[in-house]
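Single-structure report; data block below.
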Amino acid sequence: RICNSLKFSSTAQLGIVFGLFGGVMDQVVCDNEYQREEVDEESFFQDIDILQNHGINVADIKKLKTAGICTIKGIQMITRKKLCAIKGISEAKVDKIKEAAAKLIDPGFQTALEYSDKRRMVFRISTGSSELDKLLGGGIESMSITEVFGEFRTGKTQLSHTLCVSTQLPGQNGYTGGKVVFIDTENTFRPDRLREIANRFNLDHSAMLDNVLYARAYTSEHQMELMDFVAAKFHDEPGVFKLLIVDSIMALFRVDFSGRGELADRQQKLAQMLSRLQKISEEYNVAVFITNQMTADPGATMSFQADPKKPIGGNILAHASTTRISLRKGRGEMRIAKIYDSPDMPESEATFAITAGGIADAKD
């Protein structure tokens, strides 16, 4: 049709016109893609302040924020019972808040194709070792909980420290890098160790350390309270924080709850903590990385298992973690990581080394 309506003296001129036309079309497509990404980003972080337009007063919104609920998605993720427990929020107000949130978020089903488009926002953070990244399908995944467990000296804390630095570096598939929150329950966090790892990647020490937000938890209750602060921080700076590390998840629960008499209470509190972590990861699109300890399994010797040790936390922790990685010692500084449980990764192993610059590939 274009050829019939226009007269061209040569095929070269025709090629130039089509080239220009194609360039314009590419630009339009790129602009549309960019706008779509911006819309996705906006709809992902729906601020709770929007509720003012639906008849919820500012004082009630402030109360919700104090309880660590800062987004519309956050309201969808909390039960009516817990909302009623917030001081100054009555049952009538809870119904009104839930009703307003339901109008802003579609609570119904979606096709696997639609969900697949949403999953495009998921990013992966490099561990510092290409072999370990390959095992994990590209690195530590966002919107999920990745748990590593192993005995002492297997590299759990070293991996945590390396991730503090590698998270700040741009990665594959358009990952731009971001800040880290580190919750320390065992007093093992060392800024000097981060400086050594930063030297490997040629990063400025002060700028790198400034991007890591650190908190020391002293009790399991304090650890839970820090979750509200983390949610508020992620809300204040949407899209800036990319990783939340808890090293280790179970240490304080082991201390605060002792004996079989308190086991049920401990597991219930642990389930609430893990549920909060999972919701934070999905609500703000961050990766959650937790470390876990091991314990001797008295029943393992009866069943002739090769390894009589198992990760602590029981089934509650096993079901809450999206991906579980088992670490064990190898020769010298070598460590072996194995996929213990994952929804999309096959059970396989990778070898890495602990170096002065953090986690790296093992040298043959």
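Here the structure is a predicted model, which means the values were calculated and not measured.
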Review point. Is the side chain of Ser281 donor-acceptor paired with the backbone N or O of Gln278 at a distance under 3.5 Å, no angle test?
Key: yes
Practice item. Enter the distance from Ile69:CD1 to Leu83:CG here, rounded to the nearest 0.5 Å. Key: 5.0 Å
Practice item. Please name the residue in the list Lys93, Glu99, Lys96 that meets the side chain to side chain contact (heavy atoms under 4.5 Å, CB included) test with Ile56. Key: Lys96
Check your understanding: For the hydrophobic clusters of this structure (ILVMFWY residues joined by side-chain heavy atoms under 4.5 Å, transitively), does one cluster hold both Ile61 and Ile75?
Key -> yes
Review point. Where the side chain of Asn315 meets the backbone of Ala318, is there a donor-acceptor pair that is under 3.5 Å apart?
Key: no
Check your understanding: CG/Leu136 to CD1/Ile339 distance, rounded to the nearest 0.5 angstrom?
Key -> 5.0 Å
Check your understanding: Just by distance, do the side chain of Asp184 and the backbone of Phe189 share a donor-acceptor pair under 3.5 Å?
Key -> yes
**Study point:** Ion pair Lys338/Glu347, N-O distance below 4.0 Å
**Key:** yes
Check your understanding: Do Glu131 and Lys134 sit within salt-bridge range, that is, some charged N less than 4.0 Å from a carboxylate O?
Key -> yes
Practice item. Please determine if Asp228 and Arg276 form a salt bridge, counting it only when a charged side-chain N lies under 4.0 Å from a carboxylate O. Key: yes
Check your understanding: Salt bridge check: are Asp60 and Lys63 linked by an N-O gap of less than 4.0 Å?
Key -> yes
Review point. Would you say Arg153 has more than 12 foreign heavy atoms packed within less than 6.0 Å of its CZ?
Key: no
**Study point:** Atom of Leu252, atom of Ser220 and distance for their closest heavy-atom approach
**Key:** CB-N, 3.8 Å
**Study point:** ILVMFWY network linking Phe149 to Phe289, side-chain heavy atoms under 4.5 angstrom
**Key:** no
Review point. Any side-chain heavy-atom pair from Arg80 and Asp95 closer than 4.5 angstrom?
Key: yes
Check your understanding: Would a distance-only check, ignoring hydrogens and angles, find a side-chain to backbone donor-acceptor pair under 3.5 Å from Ser166 to Thr162?
Key -> yes
Practice item. Would you mind reporting whether Pro170 and Tyr175 have side-chain heavy atoms less than 4.5 Å apart? Key: no
Point to revise | Which atom of Ala251 lies closest to which atom of Gln293, heavy atoms considered | key: CB-NE2, 3.7 Å
Check your understanding: With the 4.5 Å side-chain cut-off for hydrophobic clustering, are Val181 and Leu163 part of the same group?
Key -> no
Exercise for review: Kindly say whether Arg324 contributes a backbone atom to a donor-acceptor pair with the side chain of Ser321 at under 3.5 angstrom?
Suggested key: no
Check your understanding: Of the non-hydrogen atoms in Val165 and Leu194, which two are nearest, and what is the gap between them?
Key -> CG2-O, 4.0 Å
Review point. Does the side-chain contact (heavy atoms from CB on, under 4.5 Å) test come out yes or no for Ile290 and Leu317, once each step is laid out?
Key: CA-CA 11 Å; Ile290 60 175; Leu317 189 51; 4.0 Å; yes
**Study point:** Nearest atoms (heavy-atom pairs only) where Ile325 meets Ala337
**Key:** CG2-CB, 3.9 Å
Review point. Do Gln158 and Arg193 have a side chain donor and acceptor closer than 3.5 Å?
Key: yes
Check your understanding: Does the side-chain contact (heavy atoms from CB on, under 4.5 Å) test come out yes or no for Thr323 and Met345, once each step is laid out?
Key -> CA-CA 9 Å; Thr323 304; Met345 292 295 142; 5.6 Å; no
Point to revise | Residue pairs, two or more places apart or on separate chains, that pass ring pair (Phe, Tyr, Trp, His ring centres under 6.0 Å) and touch residues 78-100 | key: none
Point to revise | Glu221 atom CD: more than 12 heavy-atom contacts under 6.0 Å | key: no
Review point. Can you name the side chain to side chain donor-acceptor pair (under 3.5 Å) partners of Thr146, sequence neighbours left out?
Key: none
Review point. To the nearest 0.5 Å, how far apart are CZ in Arg190 and CD1 in Ile197?
Key: 13.0 Å
Point to revise | Student check: side-chain heavy atoms of Met273 and Phe253 closer than 4.5 Å | key: yes
Review point. Can you tell if the side chain of Gln172 reaches within under 4.5 Å of the side chain of Phe123, non-hydrogen atoms only?
Key: no
Exercise for review: Please assess Thr219 against Asp256 for the test side-chain hydrogen bond (donor to acceptor under 3.5 Å, both in side chains), listing each intermediate value before the final yes or no.
Suggested key: CA-CA 7 Å; Thr219 65; Asp256 295 350; 4.7 Å; no
Enumerate, atom names and distances included, each donor-acceptor pair closer than 3.5 Å involving a side-chain atom of residues 231-247, sequence neighbours excluded.
| unit_1 | atom_1 | unit_2 | atom_2 | d |
| --- | --- | --- | --- | --- |
| Lys233 | NZ | Glu237 | OE2 | 3.4 |
| His235 | NE2 | Asp47 | OD2 | 2.7 |
| His235 | NE2 | Cys70 | O | 3.3 |
| Lys242 | NZ | Gly239 | O | 3.3 |
| Asp247 | OD1 | Thr291 | OG1 | 2.5 |
| Asp247 | OD2 | Thr157 | OG1 | 3.0 |
| Asp247 | OD2 | Thr188 | OG1 | 3.4 |

Review point. Quick check: does any side chain N or O of Gln168 sit under 3.5 Å from a backbone N or O of Lys179, one acting as donor and the other as acceptor?
Key: no
Check your understanding: Within the side chain of Asn211, is there an N or O that forms a donor-acceptor pair under 3.5 Å with the backbone of Ala207?
Key -> yes
Review point. Are Asp133 and Arg124 within salt-bridge range, i.e. N to O under 4.0 Å?
Key: no
Review point. Going through the checks in order, is the side-chain contact (heavy atoms from CB on, under 4.5 Å) test met by Ile354 and Glu333?
Key: CA-CA 6 Å; Ile354 299 170; Glu333 293 302 313; 3.9 Å; yes
**Study point:** Carboxylate-amine/guanidinium contact Glu114 Arg119, below 4.0 Å
**Key:** no
Practice item. Flag the pair Glu349 and Arg328 as a salt bridge only when some basic side-chain nitrogen lies within less than 4.0 angstrom of an acidic carboxylate oxygen. Key: yes
Check your understanding: Does a side-chain heavy-atom distance below 4.5 Å link Ser126 with Ile140?
Key -> no
**Study point:** Donor-acceptor side-chain pairing of Asn285 and Ser142 below 3.5 angstrom
**Key:** yes
Check your understanding: Do Cys84 and Ile89 have side-chain heavy atoms sitting under 4.5 Å apart?
Key -> no
Review point. Are any side-chain N or O atoms of Glu262 and backbone N or O atoms of Ser258, one a donor and one an acceptor, separated by less than 3.5 Å?
Key: yes
Check your understanding: Are Ile336 and Phe352 connected, step by step, through hydrophobic side chains (Ile, Leu, Val, Met, Phe, Trp, Tyr) whose heavy atoms are closer than 4.5 Å?
Key -> no
Check your understanding: Is there side-chain contact between Asp49 and Lys65, with at least one heavy-atom pair below 4.5 Å?
Key -> yes
Review point. Ala362 and Thr351: which non-hydrogen atoms are nearest, and at how many Å?
Key: CB-CG2, 3.9 Å
Practice item. Using a strict cut-off of less than 4.0 Å between a Lys/Arg side-chain nitrogen and an Asp/Glu carboxylate oxygen, indicate whether Lys73 and Glu283 qualify as a salt bridge. Key: no
Practice item. Measure the spacing between CD1 of Ile280 and CE of Met143 and express it to the nearest 0.5 Å. Key: 14.5 Å
**Study point:** From CG (Leu270) to CD (Gln223), nearest 0.5 Å
**Key:** 9.0 Å
Review point. Among the clusters formed by ILVMFWY side chains lying less than 4.5 Å apart, do Met77 and Ile48 turn up in the same one?
Key: no
Check your understanding: Atom CZ of Arg260 and atom CZ of Arg266: how far apart are they, to the nearest 0.5 Å?
Key -> 10.5 Å
**Study point:** Minimum side-chain heavy-atom gap Ile249-Leu274 below 4.5 Å
**Key:** yes
Point to revise | side-chain contact (heavy atoms from CB on, under 4.5 Å) evaluation trace for Thr71 with Tyr284 | key: CA-CA 9 Å; Thr71 65; Tyr284 299 103; 3.7 Å; yes
Review point. Would you say the side-chain atoms of Asn292 and Ser248 include a donor-acceptor pair closer than 3.5 Å?
Key: no
